[in-house]
Amino acid sequence: MAKDKPTKLRARMPRGFADRGPGELVPTRAMLETIRKVYELYGFEALETPFIEYTDALGKFLPDQDRPNEGVFSFQDDDEQWLSLRYDLTAPLARHVAENFDKLPKPFRSYRAGWVFRNEKPGPGRFRQFMQFDADTVGAPTVAADAEICMMMADTLEALGLAGQFVIKVNNRKVLDGVLEAIGLGGDENAGRRLTVLRAIDKFDKVGISGVRDLLGAGRWENPEAKSGDFTKGAGLASSEVDLVLKFINASPQMTGRDSEYLTREQFDEWMATLPEHERGQFLYDERAGWAGSYVNYKTCDMLERAFGSNAKAAEGIKELREIGNLSYFAGYRTDRIRIDPSVVRGLEYYTGPVFEAELTFEVKDEKGRPVRFGSVGGGGRYDGLVGRFRGEAVPATGFSIGVSRLASALSYLNTDAAPEFGPVVVVVMDRDQTAHYMGLVGTLRQAGIRAEMYLGNPKNLGNQFKYADRRNSPCVVIQGSDERANGQVQIKDLIEGAKAAAAITDNAEWRESRPAQFACTEGELVEKVRELLDHHGVPHGAALG
RNA sequence: GCAGCUGUAGCUCAGUUGGUUAGAGCGCCGGUCUGUGGAACCGGAGGUCGGUGGUUCGAGCCCACCCAGCUGUACCA
């Protein structure tokens with residue numbers, strides 16, 4: 001065999017996964033830190049659980065198969081027990097609480113950030129590994145715990161600079177269950193159809209009211225007008241039942257923007273007159289702001305009450321929603337931040353009460369000018385049954401999860417002018433036999449808290465070393481040849497200033513000759529001069545590096 | 001899973017009715033240049049034309065199947 005090329009191993013990464021460079025890691029780290037601070041302020045404490053749990057602890061095992069549910073990365077331990085990579089942070093928390101129940105203070109308030117894994121088809125903004133940042137209160141049955149979670153989420157998103165660009169939507173599974181009961185879908189035998197109905201409601205955002213109508217009835221075509229494309233089989237409800245469900249989804253004052261909650265004094269008084277006496281005290285008119293607190297939430301609950309209040313389960317849920325609305329209102333959260341929205345369904349399995357969803361309300365365009373909708377960047381709710389699976393008794397719990405990766409990408413669209421990440425100061429090598437001395441210069445800078453390195457590549461060409469520094473986005477390079485060394489001096493070249501100066505120079509000879517933005521100083525002044533230069537360009541060093 | 005679209009160099013893409021040794025720009029590496037980033041000039045590396053089979057004297061091009069990617073849809077505890 002002559003010189004056959006060795007078969008190259010193709011470097012590739014499994015789809016649905018991603019490498020992340022400094023451009024993503026640095027802002028994400030800052031974001032996590034912001035979230036953590038808010039959670040801590042609310043009195044939650046840190047907790048970390050492993051990536052891997054016993055599959056049954058995660059809650060899903062197909063009954064007829066000896067394999068765990070697809071969608072979960074699973075494998076067998078050497079004792080043949082099934083293990084899985086966690087697909088959210090809630091089930092592991094439930095396991096932790098159940099396992100340490102007697103040791104933990106109750107209510108137990110904890111937060112945790114971490115990677116979760118889902119073996120599903122990846123898509124734009126959907127990965128098979130992504131990060132969540134959760135906060136949960138375990139052992140508190142009160143609706144105040146749910147309301148608090150909603151408020152904390154609103155605070156968190158505001159701390160991230162998203163004020164006015166999000167809404168926390170709230171619904172209640174009890175109301176949903178009541179509605180389903182009302183259309184005769186109660187009981188275990190209707191579990192399948194219930195699911196279909198819930199999914200149809202969940203699609204309200206995507207397919208609109210007519211789409212939901214189709215999905216609740218016979219079914220929906222991908223292209224409704226042409227009746228072409230994929231056909232999704234519907235729930236097969238009778239038209240009166242469909243109407244009832246639609247009435248539920250629509251049980252919210254029609255809002256165009258936020259205007260409907262800004263009432264004139266006259267409108268406010270008019271509205272107050274419609275309220276029962278004992279309810280009126282909850283609402284005050286704010287002359288300065290011209291708004292009436294939880295008016296929209298109140299109206300929503302009102303409409304739900306009228307339509308479904310006769311069902312006991314729904315009535316209970318509506319009462320809880322009302323309470324969340326009121327608690328938020330008294331805490332100063334208007335309905336543009338925490339809004340009751342009956343179309344929110346959320347995680348179809350383990351939620352038992354209030355459910356929440358954080359949605360970003362702004363739109364941006366991608367590179368091709370097409371609108372990008374971020375939609376939900378987090379969600380949660382009450383799951384009173386999850387911990388109880390490990391114990392004889394029900395343990396109430398409520399929590400919220402932020403989709404860190406998705407939120408980070410949304411934020412990156414907002415902060416398009418994010419400052420570029422600066423590289424280290426590069427000490428170039430002019431004389432190979434002076435490596436020790438160059439390393440000494442580097443060490444001096446490092447001791448002063450300045451990121452610095454000596455060029456470790458082939459030092460033959462000085463130009464290459466500048467190119468390297470340029471590519472690292474270094475603020476400056478330090479140069480010392482034999483001339484400088486003889487005088488105990490170094491040259492400091494300001495690459496940022498130099499780049500600006502370069503724009504005016506077209507001739508290479510002139511470029512080299514002029515040595516833009518370069519100055520000499522003694523070795524003793526090195527730290528001081530570099531610091532000045534870094535400060536001048538706003539490059540962090542010392543304590544600012546964090 | 002289903003449907004549509006797309007697969008040619010690291011990237012963006014040419015490649016004629018099927019015809020010799022598959023090209024360009026950008027990028028990358030090296031040199032001009034062992035004391036200066038950009039620009040310029042010169043040189044170089046880099047290709048199983050997504051894969052397999054078929055039709056043909058001859059396939060990057062035609063046919064079949066497969067694979068991958070994108071988009072939508074379904075599922076998403």
Side-chain angles (χ1 to χ4, degrees), chain A residues 4-5 7-8 10-12 14-16 55-62 68-72 84 86-88 90-91 94 116-124 126-128 130 195-196 199 202-203 206-207 211 215 219-223 228-233 345-351 368 370 376 379 383 385-386 426 428-433 457-474 476-485 491-518:
Chain A
D4 254 43
K5 221 176 357 180
T7 51
K8 271 184 302 189
R10 194 150 74 95
R12 62 203 184 112
R15 82 197 148 116
T55 302
D56 58 3
L58 294 180
K60 276 293 165 179
F61 227 103
L62 288 183
N69 206 345
E70 48 183 289
V72 186
S84 294
R86 64 190 181 189
Y87 54 77
D88 70 13
T90 310
V116 300
F117 304 84
R118 295 190 185 177
N119 194 3
E120 292 162 0
K121 183 195 162 186
R126 295 176 66 89
F127 294 90
R128 294 204 287 176
F130 56 98
L195 214 59
T196 312
R199 281 174 193 153
D202 202 28
K203 293 214 172 17
K206 201 181 282 181
V207 301
L215 285 170
R220 179 174 183 270
W221 292 96
E222 193 179 331
N223 306 305
S228 64
D230 266 18
F231 182 74
T232 310
K233 198 174 183 315
V345 174
R346 215 43 222 172
L348 305 167
E349 200 74 11
Y350 53 62
Y351 292 117
K368 292 172 185 163
R370 296 185 305 189
S376 166
Y383 50 99
L386 251 193
V426 173
V428 300
V429 176
M430 300 214 55
D431 302 303
R432 293 170 198 247
D433 57 356
N458 184 350
K460 187 176 76 169
N461 265 329
L462 194 52
N464 287 346
Q465 306 192 50
F466 286 106
K467 281 181 190 166
Y468 171 78
D470 215 26
R471 188 174 283 191
R472 291 293 304 275
N473 201 23
S474 297
C476 67
V477 293
V478 174
I479 310 156
Q480 187 183 58
S482 50
D483 297 350
E484 286 87 1
R485 195 163 41 252
Q491 296 275 345
I492 298 173
K493 187 178 180 65
D494 184 337
L495 294 179
I496 299 169
E497 210 58 54
K500 291 180 196 161
I505 303 174
T506 53
D507 177 68
N508 185 244
E510 182 192 349
W511 165 264
R512 291 169 178 227
E513 208 52 44
S514 65
R515 298 186 181 179
Q518 185 172 332

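Letters A, B, ... are given to chains in the order of the sequence lines, protein chains preceding strands, and every chain is numbered from 1. Since this is a predicted model, take the numbers as computed values, not measurements.
Within 4.0 Å of A:Lys233, counting heavy atoms only, lies no atom of the nucleic acid at all. Counting any heavy atom pair closer than 4.0 Å across all strands shown, A:Thr196 reaches no nucleic acid atom. Residue contacts for A:Asn119: at a heavy-atom cut-off of 4.0 Å it reaches no nucleic acid atom on any strand shown. Among the protein residues, A:Asp483 comes within range of the nucleic acid bases, having at least one heavy atom under 4.0 Å from a base atom. Among the atoms of the strands shown, base atoms are found under 4.0 Å from some heavy atom of A:Ala499. Among the protein residues, A:Lys206 comes within range of the sugar-phosphate backbone only, with heavy atoms under 4.0 Å from sugar or phosphate atoms but none that close to a base.
The separation of B:A45 from B:G31, taken at their P atoms, amounts to 16 Å, rounded to a whole angstrom. Nucleotides B:A3 and B:C75 have their C1' atoms positioned 16 Å apart, rounded to a whole Å. If you take atom P in B:A59 and the same atom in B:G50, they sit 15 Å apart, rounded to whole Å. One P atom belongs to B:G44, the other to B:A24, and the distance between them is 12 Å to the nearest Å. Rounded to whole Å, the C1' atom of B:A77 lies 49 Å from the corresponding atom of B:C62. To the nearest whole angstrom, the two C1' atoms, one in B:C49 and one in B:U8, are 4 Å apart. Taking the P atoms as reference points, B:U16 lies 28 Å from B:G27, given to the whole Å. Separation of the P atoms belonging to B:C28 and B:G38 is 10 Å when rounded to the nearest angstrom.
Annotation for A:Ser474 and A:Leu495: closest pair O-CD1, 3.5 Å, computed over non-hydrogen atoms.
A:Lys121 contributes no side-chain N or O that forms a donor-acceptor pair with the base of B:G69 under 3.5 Å. A donor and an acceptor atom never sit less than 3.5 Å apart when one is taken from the side chain of A:Gln465 and the other from the base of B:U36. Under 3.5 Å, the side chain of A:Glu120 and the base of B:G1 form no donor-acceptor pair of N or O atoms. Counting atom types as modelled, A:Arg199 pairs no side-chain N or O with a base atom of B:C75 as donor and acceptor under 3.5 Å.
Look at CE on A:Met430: it is 12 Å from C1' on B:C33, rounded to the nearest Å. Rounded to an integer number of Å, the gap from A:Asp431 CG to B:U36 P is 14 Å. Regarding A:Glu484, its CD atom lies at a distance of 12 Å from the P atom of B:U36, rounded to whole Å. When the P atom of B:G72 is taken as reference, atom CZ of A:Arg126 falls 11 Å away, rounded to whole Å. Rounded to an integer number of Å, the gap from A:Leu386 CG to B:A77 P is 13 Å. If you take NZ of A:Lys467 and C1' of B:G38, they are 9 Å apart, rounded to a whole angstrom. Taking atom CZ of residue A:Phe466 and atom P of nucleotide B:U36, one finds them 8 Å apart after rounding to whole Å. Rounded to whole angstrom, the span from the CG atom of A:Leu215 across to the P atom of B:U73 amounts to 12 Å.
Here B:C76 is the nucleotide among B:C76, B:C75, B:G35 with the atom lying nearest to any side-chain atom of A:Arg118. With distances taken from any side-chain atom of A:Val72 to the nucleotides B:U36, B:G35, B:A77, the minimum falls on B:A77.
In this structure, the side chain to side chain donor-acceptor pair (under 3.5 Å) partners of A:Gln491, at least two apart in sequence or on a different chain, are A:Glu484, A:Gln518. Applying the side-chain contact (heavy atoms from CB on, under 4.5 Å) rule to A:Arg512 yields the partners A:Asn508; only residues at least two apart in sequence or on another chain are considered. Every salt bridge (charged side-chain N to carboxylate O under 4.0 Å, His left out) that A:Arg126 has, sequence neighbours left out, goes to A:Glu120. Applying the ring-ring contact (aromatic ring centres under 6.0 Å, His included) criterion to A:Tyr468, with sequence neighbours excluded, gives A:Tyr455. Under the side-chain contact (heavy atoms from CB on, under 4.5 Å) criterion, A:Asp470 pairs with no residue, sequence neighbours left out. Residues passing the side-chain contact (heavy atoms from CB on, under 4.5 Å) test with A:Asp433 are A:Asp431, sequence neighbours excluded. Not counting sequence neighbours, A:Asn464 has no partner by the side chain to side chain donor-acceptor pair (under 3.5 Å) test.
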Audit row: A:Leu386, A:Thr90, side chain to side chain contact (heavy atoms under 4.5 Å, CB included) steps and yes/no
CA-CA 9 Å; A:Leu386 251 193; A:Thr90 310; 3.8 Å; yes
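In this structure, the side chain of A:Tyr87 engages the main chain of A:Leu58 through a donor-acceptor pair within 3.5 Å. Proximity of a side-chain donor or acceptor of A:Asn458 to a complementary backbone N or O of A:Lys460 within less than 3.5 Å is detected.
Taking a pair as Watson-Crick or G-U wobble with both distances under 3.5 Å, RNA chain B forms stems of 3 or more consecutive pairs at B:1-7 with B:67-73, B:10-13 with B:23-26, B:28-32 with B:40-44, B:50-54 with B:62-66.
Contact check, A:Trp511 against B:A39: no side-chain N or O comes under 4.0 Å of OP1 or OP2.
If you find the closest nucleotide of RNA chain B to A:Arg432 and to A:Lys493, the one lying nearer the 5' end belongs to A:Arg432.
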Between the protein and nucleotides 28-30 of chain B, list every N/O to N/O distance that falls short of 3.5 Å.
| from | atom 1 | to | atom 2 | distance (Å) |
| --- | --- | --- | --- | --- |
| B:C28 | OP1 | A:Arg471 | NH2 | 3.0 |

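Residue-nucleotide stacking is present for A:Tyr87 and B:A77, judged by a side-chain ring centre under 5.5 Å from the six-membered base ring centre and planes under 30° apart.
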